[in-house]
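Okay, structure first, notes after.
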Amino acid sequence: VQLQASGGGLVQAGGPLRLSCAASGRTFSMNVMGWSRQAPGKQRELVAYFTSGGSTNYADSVKGRFTISRDNAGNTMYLQMNSLKSEDTAVYYCYARGPGPFGVPDPNFDYWGQGTQVTVSS
């Protein structure tokens, strides 16, 4: 699975920004696909993701402000970010997790795209 994120940039607090992730390879077999972020000095955080079971999930810190979506073919994934805050400043990554030998999501089968920087100025 190959993932490539784009769309980051500098935005004023309160503004919107949309990230895109081009996905290729065996994306249909992934258990989880979504977006994570890592701010300076902090651990990487999963902010929004789809599961193969059909659910969509968000971190509490972005609920009501961020929306994850994808095109019908599943080849492009988006993260619409509204009402951005300075604490949203981070490098954002596309992310996918595949199944292990027993078919359950397995961190040994994690895939990451290169990050895209989002900077929110206050």
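All values derive from a computational prediction rather than experimental measurement.
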Test side chain to side chain contact (heavy atoms under 4.5 Å, CB included) on L10 and Q117; report intermediate values, then the result. CA-CA 8 Å; L10 175 64; Q117 176 72 47; over 6 Å; no
Once rounded to the nearest 0.5 Å, what's the spacing between atom CG of L17 and atom CD of Q12? 12.5 Å
Given N57 and T51, is the side chain to side chain contact (heavy atoms under 4.5 Å, CB included) satisfied, shown in steps? CA-CA 8 Å; N57 300 274; T51 69; 3.8 Å; yes
With a 4.5 Å cut-off on side-chain heavy atoms, are R37 and Y93 touching? no
Joint cluster assignment, Y49 & M33, ILVMFWY side-chain distance < 4.5 Å: no
Please answer whether the main-chain N or O of I68 pairs with a side-chain N or O of Q80 as donor and acceptor at a distance below 3.5 Å. no
Quick check: does any side chain N or O of T27 sit under 3.5 Å from a backbone N or O of S24, one acting as donor and the other as acceptor? no
Taking the side chain from T116 and the backbone from G8, do they hold a donor-acceptor pair closer than 3.5 Å? yes
What are the two closest heavy atoms between N82 and P16, and how far apart are they? OD1-CB, 3.4 Å
Minimum heavy-atom distance Q38-A90, with the two atoms named: O-CB, 3.4 Å
Could you tell me whether the side chain of R65 and the main chain of S83 form a donor-acceptor pair under 3.5 Å? yes
dist L84:CG -> F66:CZ (nearest 0.5 Å) comes out at 5.0 Å
Search all heavy atoms of P99 against all heavy atoms of F109 and return the closest pair with its distance. O-CD1, 3.7 Å
Quick check against the 3.5 Å criterion: does N31 have a side-chain atom that pairs as donor or acceptor with the backbone of S52? no
Linked, directly or transitively: Y95 and V118 (ILVMFWY side chains, under 4.5 Å): no
Is R70 positioned over the aromatic face of Y78, cation under 6.0 angstrom from the ring centre and no more than 45 degrees off axis? no
Under a 4.5 Å side-chain heavy-atom rule over Ile, Leu, Val, Met, Phe, Trp and Tyr, are F50 and Y58 clustered together? yes
Kindly determine whether E87 and S61 satisfy side-chain hydrogen bond (donor to acceptor under 3.5 Å, both in side chains), including the steps that lead there. CA-CA 9 Å; E87 51 262 43; S61 57; over 6 Å; no
If you take all heavy atoms of A48 and L79, which pair is closest and at what distance? CB-CD1, 4.0 Å
Centroid-centroid under 6.0 Å between Y92 and W35 rings: no
Atom of E45, atom of A59 and distance for their closest heavy-atom approach: OE2-CB, 4.0 Å
Side chains of P40 and V91 in contact at under 4.5 Å (non-hydrogen atoms): no
Flag side-chain contact, heavy atom, 4.5 Å: L3 against Y111: yes
To the closest 0.5 Å, what do you measure between CD (Q114) and OG (S6)? 8.0 Å
With distance as the sole test, does S86 use its side chain to make a donor-acceptor pair with the main-chain N or O of V120 at under 3.5 Å? no
Do S69 and M77 have side chains that approach each other closer than 4.5 Å (heavy atoms only, starting at C-beta)? no
When M81 is tested against each of D88, L19, V11 for side chain to side chain contact (heavy atoms under 4.5 Å, CB included), which residue passes? L19
